[in-house]
There are 2 protein chains.
Amino acid sequence: MRTSHAGAATVPPDHVTHRPDPGRQTPGRATGASQGPADEASPGGPHGAPAPASQGARTRSQHQRRKRIVQAAAALASRGGVEAMQMRTVAERAGVALGTLYRYFPSKMDLVVAVVSEEIDLLETSIERRPPSAATPAGRAVDVLMRATRGLMREPELADALIRSLIMAEVDTPFGDRMAGLLLRVSGEGLTLGSATEEQVALAGSLGSVWVHELLEMLRGRRTYEQIQRRIEIAADRLLAGFGA
Amino acid sequence: MRTSHAGAATVPPDHVTHRPDPGRQTPGRATGASQGPADEASPGGPHGAPAPASQGARTRSQHQRRKRIVQAAAALASRGGVEAMQMRTVAERAGVALGTLYRYFPSKMDLVVAVVSEEIDLLETSIERRPPSAATPAGRAVDVLMRATRGLMREPELADALIRSLIMAEVDTPFGDRMAGLLLRVSGEGLTLGSATEEQVALAGSLGSVWVHELLEMLRGRRTYEQIQRRIEIAADRLLAGFGA
DNA sequence: GCGCAAACTAGAACAGATTCTAATCCGTGT
DNA sequence: ACACGGATTAGAATCTGTTCTAGTTTGCGC
């Protein structure tokens, strides 16, 4: 059962799959949610960081371990998709016990999310290094989205896996908001999720969801890169009209 | 392994999950895709109908059987979501053997898709019976989408399950196009997927993906009905501007 | 009435995710 | 140096989707 445990331990509970959990009811043992007295509300760095517990000693090797895990996962996923990224295999490649892997990532989805996070980090870095130069807000947004699209296209297996998981994930880490923020940032001058109007945030979010959808269609083989570009342009032109400073 | 069989048999291969299948490689036995000499390219009615083989005799009881299965599946899903809709259980409730269930629906996803199809049929029927009356194209589209939203909200478990599966499904049955067509129909006078311009189709599709995304957010508990409505209105106003006859 | 092929059935078998167990490690406080 | 608790580990055990097997049933043409 996926009844998420209350994040308790001195470990890096990197999970994100929480959900209201509307009375699941897997027969069999009904382990009451409980276990560790130790508490701590994961400070939550940028992406779900390991969040060292109280002290901070073992943290070092734990960071390494987490890194090895995500790395192994990404490697496996990049060829063969999520299916090839089997928990046993990941654990093996990362040199940790299956149980440990599950301690770091309560579910496969959490692991996938971690990998996706890294990808998004990469995109943001790329954007910083070479900001979109188009004249219009829509143009800049399209630039960013297509850049991301190209990046994902390079490893279709991984992309497919990640995008799907991303959508499926009962993620607490709003990737949607992250993309919306990114789009807002490149669209208007000093726009941010904070300073933008509710309408602007909604519109940026909408563009983001259109992009994800198109991406999905492409991965299904129903869209070519060009078609996506065209569609994103069409949507962006309307959704982001009048966003310029 | 999900290496889809070439649709061969005198049965109702209701599947839809096909995918390029980029070299899967489950170890163990590597059963060569083969088995039935009988062939037949499922005529494919509206939604993936049972598609009787050559004759047409046994079809009757098969229709019943298929109906019982989908019904059982929907019932289970409506309380407990996809997780509660276990293949074994569905087969049991429908009074068929697990093997038979798999003959009708090659994978769980196919079953889910069948259930979703019924839901969409319901929506289309509802629209016909009581067409949206708003004055603007956007208004009518919003009307339709929010009506669908309310319908899905009634059975959150089922909705969640279905929407997710729908997105995930490597469906050959483009639900997206179906929604887009529906939206086009209520937006412009004689608009249809055929008569609309490429841009219009793209825009209707975009609105559809925004809706799905918002729905997903709602199911994740990050949106209220009102928020969705507002966001859909915002997006529709821009995306469907100038759609009137 | 007989024989065949496809559809069905019951149930075993497999695979991969997730959970559980018992024993060992390791860093910290004493 | 010693005890303690959380972190790890190897591996068994569960759970559920999917596949496979062997035997039975059913509709049809002869």
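First the proteins, then the strands, lettered A, B, ... as listed; each starts at 1. Owing to the predicted nature of the structure, the values given are computational and were not obtained by experimental measurement.
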5' precedence on DNA chain D between Leu98(A) and Leu101(A) (nearest-nucleotide basis): Leu101(A)
Let me know the distance between CE of Met109(A) and C1' of dG16(C), rounded to the nearest Å. 15 Å
Is atom CZ of Arg154(A) surrounded by more than 12 heavy atoms (other residues, nucleotides or ligands) closer than 6.0 Å? no
I need the CZ-P distance between Phe105(A) and dT18(C), as an integer number of Å. 13 Å
Map Tyr102(B) and Ala97(A) onto DNA chain D by nearest heavy atom, then report which one ends up closer to the 5' terminus. Ala97(A)
Would you jot down, in residue-number order, the residues of residues 86-96 of chain A having a non-hydrogen atom under 4.0 Å from DNA chain C? Gln86(A), Met87(A), Arg88(A)
Closest to the Thr100(A) side chain, choosing from dA7(C), dT8(D), dT18(C): dT8(D)
OP1 or OP2 of dC8(C) versus the side-chain N and O atoms of Tyr104(B): is any pair under 4.0 Å? yes
Would you check if there is a donor-acceptor pair between the side chains of Thr100(B) and Arg65(B) at a distance under 3.5 Å? no
Of the candidates dT8(D), dA17(C), dC8(C), the side chain of Lys108(A) sits closest to dA17(C)
Separation between CZ of Arg88(A) and CG of Leu101(A), rounded to the nearest 0.5 Å: 11.5 Å
Across all chains, not counting sequence neighbours, the salt bridge (Lys or Arg N to Asp or Glu O under 4.0 Å) partners of Glu92(A) are none
So, taking the atom named CD1 in Ile127(A) and the one named CG in Leu182(A), what distance separates them when rounded to the nearest 0.5 Å? 5.0 Å
By side-chain contact (heavy atoms from CB on, under 4.5 Å), Ala148(A) pairs with (sequence neighbours left out) Leu123(A), Trp211(A)
Between P on dC25(C) and CZ on Arg65(A), what's the gap in Å once rounded to a whole number? 14 Å
What nucleotide among dT18(C), dA7(D), dC8(C) has an atom nearest to a side-chain atom of Ser107(A)? dT18(C)
Partner of Arg223(A) under side chain to side chain donor-acceptor pair (under 3.5 Å), picked from Gln229(A), Glu214(A), His213(A), is Glu214(A)
Mind calculating the distance between NE2 (His63(A)) and C1' (dA7(D)) to the nearest angstrom? 16 Å
Rounded to the nearest Å, what distance is computed from the CZ atom of residue Arg103(A) to the P atom of nucleotide dC25(C)? 17 Å
Within less than 4.0 Å of OP1 or OP2 of dT8(D), is there a side-chain N or O belonging to Gln62(A)? yes
How long is the line joining CG of Leu76(B) and C1' of dG17(D), in whole Å? 15 Å
